[in-house]
Amino acid sequence: MALIGGHAYDMLLVLNRWFNFFRRKLGFPYWSLSAYLKHKVKNAVNFISNYEQALVHEASRQGVGGIICGHIHKAAVEDFEGILYCNTGDWVESCTALVENKVGQLAILHWADESVFLINEDAPANIERKRRLVSTN
């Protein structure tokens with residue numbers, strides 16, 4: 001991820017130079033595309049964190065053991081101070097879903113990972129899947 005992020009940032013800097021070249025030609029002042037996008041990403045991360053904390057706070061206030069939600073497309077099964085927070089993710093962008101097994105354990109299913117096992121019956125059984133099972137009891 002760091003390598004991809006580094007390349008993306010380098011490409012963004014090149015794009016920013018061309019973008020501002022044309023802005024100058026049109027009489028507009030310098031504007032940092034990279035700073036704008038960093039700000040947007042930071043705001044998105046803060047929104048997700050605030051969303052999770054607000055739901056966990058409300059679950060605690062209501063005296064329940066956990067909450068299952070969707071909306072923000074960030075799949076998660078997390079324990080926040082004894083409150084189980086589950087987000088279903090989405091099937092469009094990240095291809096994730098919240099699933100429950102026969103004994104009541106919840107996990108995030110990542111289609112990109114699971115499809116390998118469903119398509120290739122010869123896949124080794126000992127390959128660790130990226131599921132996080134938690135008991136709902």
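These numbers come from the heavy atoms of this one structure, side chains and all, not from hydrogens, waters or symmetry mates. All values reported here derive from a predicted model rather than from experimental measurement.
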* Please report the C-alpha distance between Tyr85 and Leu55 in whole Å, then the side-chain angles of each, then the deciding distance to 0.1 Å, and finally whether the side-chain contact (heavy atoms from CB on, under 4.5 Å) criterion is met. => CA-CA 8 Å; Tyr85 167 84; Leu55 291 175; 4.0 Å; yes
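- Arg61 is linked by a salt bridge (charged side-chain N to carboxylate O under 4.0 Å, His left out) to Glu58, counting only residues two or more places apart in sequence or in another chain.
- Contacts of Leu98 classified as side-chain contact (heavy atoms from CB on, under 4.5 Å), with partners at least two apart in sequence or in another chain: Ile68, Val77, Cys86, Thr88, Leu106, Ile108.
- Screening residues 45-56 for side chain to side chain donor-acceptor pair (under 3.5 Å) gives Glu52-Lys74 as the qualifying pairs, with residues at least two apart or on separate chains.
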* Show your working on side-chain contact (heavy atoms from CB on, under 4.5 Å) between Asn16 and Asn20 and close with a plain yes or no. => CA-CA 6 Å; Asn16 193 50; Asn20 278 292; 3.3 Å; yes
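- If you chain together ILVMFWY residues whose side-chain heavy atoms come under 4.5 Å of each other, Leu26 ends up grouped with Phe28.
- The NE2 atom of His57 sits 14.5 Å away from the CZ atom of Phe80 when rounded to the nearest 0.5 Å.
- Under the side-chain hydrogen bond (donor to acceptor under 3.5 Å, both in side chains) criterion, Asn43 pairs with His39, not counting sequence neighbours.
- Counting all heavy atoms, side chain and backbone alike, Thr96 lies closest to Ala75 at OG1-CB, 3.5 Å.
- Applying the ring pair (Phe, Tyr, Trp, His ring centres under 6.0 Å) rule to Phe19 yields the partners Trp31; only residues at least two apart in sequence or on another chain are considered.
- Hydrophobic clustering keeps Val56 apart from Val64 (ILVMFWY residues linked when any side-chain heavy atoms are closer than 4.5 Å, directly or through intermediates).
- Of all non-hydrogen atoms in Glu81 and Asp79, the two that sit nearest each other are N-OD1, 3.6 Å.
- Legend: salt bridge (charged side-chain N to carboxylate O under 4.0 Å, His left out) pairs involving residues 21-32, not counting sequence neighbours: none detected.
- The hydrophobic cluster around Phe22 extends to Val14, Trp18, Phe21, counting ILVMFWY residues whose side-chain heavy atoms fall within less than 4.5 Å of a member.
- Contact record, Ala59 with Gly66: CB-O, 4.4 Å, taken as the closest heavy-atom pair.
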